[in-house]
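Keep in mind that the numbers below use all heavy atoms, side chains included, and drop hydrogens, waters and symmetry copies.
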Amino acid sequence: MNEPQRLAGTYLLGLEPMLVSIVDGEILLRLDGVPEEFAARLVGSDNTYVVRGSQLEGATLHFNDGEPAPGGQLGGVVDFVRSDEQVTTTSGKGLLLGPVDWEEGEEAAYQE
């Protein structure tokens, strides 16, 4: 397995599933129920990344060594561990929003 592919998978942040995926060469981070198009980007290399976007903006994610990565720490204080299987919540979280009606320039500002 190669870097960053070894990071892709489902992790548990406490009881909250945290999904890491690779799309078009970017490492994406999202919590369960968040559509992939709203995923945050992870910027960095090796084992340490910074979250760009989402409520976790600016937080660091440090992944432990291993193939695949077995877990790590969020912000240097909150541990997360790899889940053996895809986890979904049943709490009603993750309800999908309808289509977004962007005004001119809003989507570009959001993406920035």
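- Linking ILVMFWY residues whenever their side-chain heavy atoms come closer than 4.5 Å, directly or via other members, leaves V43 and L74 in distinct clusters.
- Rounding to the nearest 0.5 Å gives a distance of 11.0 Å between CG of L7 and OG of S21.
- When each of L56, V81, V78 is checked for a side-chain contact (heavy atoms from CB on, under 4.5 Å) with L13, only V78 meets the rule.
- In the hydrophobic clustering of ILVMFWY residues, with side-chain heavy atoms under 4.5 Å counting as a link, V50 and V23 come out apart.
- The shortest non-hydrogen separation linking A40 to G53 is CB-O, 3.4 Å.
- For the atom pair CG (L29) and CG (L19), the distance works out to 8.5 Å, reported to the nearest 0.5 Å.
- What you find for L12 and P17 is that their closest heavy atoms are CD2-CA, 4.1 Å.
- At most 12 non-hydrogen atoms from other residues, nucleotides or ligands lie less than 6.0 angstrom from CD of E103.
- The nearest pair of heavy atoms linking G66 to P70 is CA-CD, 4.0 Å.
- The minimum heavy-atom distance linking S54 with V51 is given by the pair OG-CG1, 3.9 Å.
- The only member of Q73, R82, R6 that meets side-chain contact (heavy atoms from CB on, under 4.5 Å) when paired with F63 is R6.
- G76 and T60 get closest at one heavy-atom pair: N-OG1, 4.1 Å.
- A 4.5 Å side-chain heavy-atom check between E16 and L31 finds at least one atom pair inside the cut-off.
- With rounding to the nearest 0.5 angstrom, the CD atom of E57 is 9.0 Å from the CZ atom of R41.
- Under the 4.5 Å side-chain contact rule for hydrophobic residues, L28 and F80 do not share a cluster.
- With values rounded to the nearest 0.5 angstrom, L42 atom CG is found 11.0 Å from T48 atom OG1.
- In the model, N47 has no side-chain atom that pairs as donor or acceptor with a side-chain atom of N64 under 3.5 Å.
- Atom-to-atom distance recorded for Q5:CD and E67:CD is 10.5 Å, nearest 0.5 angstrom.
- With values rounded to the nearest 0.5 angstrom, D79 atom CG is found 13.5 Å from Y11 atom OH.
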